[in-house]
Amino acid sequence: MNRRHFLKNSSLGFSGVLLSGALLDAISAPIPKMKITKVRFYESPLSRPMVNQSMHIVVVETDAGLTGIGEGGYVDGIRECAEMVIGEDPTRIDHCWQLMFRGRFYPAGREKLHAIGAIDMALWDIKAKMAGMPLYQLLGGRSRDGIMVYGHANGSDIAETVEAVGNYIDMGYKAIRAQTGVPGIKDAYGVGRGKLYYEPADASLPSVTGWDTRKALNYVPKLFEELRKTYGFDHHLLHDGHHRYTPQEAANLGKMLEPYQLFWLEDCTPAENQEAFKIVRQHTVTPLAVGEIFNTIWDAKDLIQNQLIDYIRATVVGAGGITHLRRIADLASLYQVRTGCHGATDLSPVTMGCALHFDTWVPNFGIQEYMRHTDETDAVFPHDYTFEKGELFVGDTPGHGVDIDEKLAAKYPYKPAYLPVARLEDGTMWSW
Ligand code: CO
C-alpha cells in the first residue's frame, strides 16, 4: 500500500468515526455518579483467626443500590479501609486502592493488604455489575475457555496417595498435587483427612504435626516414581514442600524429582530471602512455584526479575485484590513467569470466583488450585462457575458471579479453627 493511499483511507476512517452521531453520544454518555455508603463485615463460621486464612466476607454498598462482595481482612483492617473509601466513587478502583494503601502514614503491610483485597474485589464486582458484564470482560476479555485446575490427592503412605491420585484422574483432572505421609513422622500435615473435602484447620487451638527433613527426602521421590509407574506421564503432577526445606535440601529434592517431570515443586524453601531461590535454581530444572503467602509485588520482584521461579502463587485476597495481583502478573509476564493462584478451602467461593475471572483473562496463566467446598459452603455462597473435565468455567453473570445468602449464613455461628503447627522431633518450631 502506498503512503498516500494509506493516509486517505485512515483519514476517511477517522472522519467516519467523528461523523457518527450515535457513537459520539455513546462516548459522551456520563457514567452515573455513585458513592460508597457502607461497608459491612461478616465473620463466616468457616473463618480462621488468621488474616491470610480468610472467609471473612465484606459487602460494599452504594447509593445507587449496587452492592459488591469481597473477601478477606480482619475487623480492624476492614474498619480502617472502610473509613477511607466511604463517600468515594466506587468506579475509581485504582484511586481507592492507592488511598487505602498509602492513605495512612505507614504503607499497608500484610494484614491490611488482605483488607484492601476484600474491598478491591467488591469494587470490581460493583463496576462489572454496573457494566452488565462478567468481570473478566473489564480486565480485557477472555484469553481462554476453561481454567485448568489441580486437586489435592493425599494419603498416609505411598499406596494411599497413589490411589487418591487415581480418583482424581477418574474425575477428569489433568493436574494433581500429591502429598504423602512419611513413615516415622507423626501426624504429617494434610494427609489422611478424607477424600474430596478436607479441612486442614481442624481445631479451636492449633494441633501439632511433626516434621523430619531426612525422612521426607528419602520417601517423597519414591511416591513420584510409583505415580509415574502406575499412571504414566500424561497428567501433570505437583508437590508442595510447605517451606520445610533449606535451599540446599530443596535443590536436592528438586534434582531427585527430575525424572518424574513435575509440573511444579511448590514452596520448596521460605522466600523471605528471595536470593535463596538462586541456590535451588542452580541445581535443578524442576519448575518452581511460590507465593501463596505473598502480599505486594515487592515480595516477588527479585524472584521474578531473576527468573528464579516459574509460577507465582499470589492470591486475589492476599495480594491486595485484583488491582494489585494484575500488576504482579504483568511484571511476571515480562519474564515468562506464569500464574498459579492459591485456591484452598481457606478461601470462600468469593475469592475463587474472582480468581477464575482473573484466570480467564490473564495472558500468562499457568494453573489454578482448586479444593472443593462442602455443600454447606456452596449453599451459603451461590456461584456461577462449574467444573468439567479438569477445568473450571465462569459464567456470564454480571460481576464476579458469587453471592452470599446472608439469611442462611446467619444460621452458622462463627467458631475459630486453627491450622496445625509443625515441630521437629525435639520440639523445635518449624515452618508451617
Ligand atoms: Co501450598
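The basis for the numbers below is simple: all heavy atoms, side chains too, and nothing from hydrogens, waters or symmetry mates. Order of appearance sets the numbers: ligands from 1, and atoms from 1 within every ligand.
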* **Trace of the salt bridge (Lys or Arg N to Asp or Glu O under 4.0 Å) decision for Asp94 with Arg327** => CA-CA 11 Å; Asp94 268 300; Arg327 303 234 185 290; 2.7 Å; yes
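- Both tests pass for Arg142 against the ring of Tyr136: distance under 6.0 Å to the centre and angle within 45° of the axis.
- Lys222 and Asp157 are not joined by a salt bridge, as no carboxylate oxygen comes within less than 4.0 angstrom of a charged side-chain nitrogen.
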* To do: Would you please test His383 and Phe381 for ring-ring contact (aromatic ring centres under 6.0 Å, His included) and show each step?
  => CA-CA 6 Å; His383 52 264; Phe381 299 100; 8.7 Å; no
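- In the model, Thr180 has no side-chain atom that pairs as donor or acceptor with a side-chain atom of Glu160 under 3.5 Å.
- Less than 2.8 Å away from the Co ion (ligand 1), the protein contributes these N/O/S atoms: Asp240 OD2, Glu266 OE2, Glu292 OE1.
- Exactly one residue among Tyr168, Phe263, Trp264 makes a ring-ring contact (aromatic ring centres under 6.0 Å, His included) with Tyr150. That residue is Trp264.
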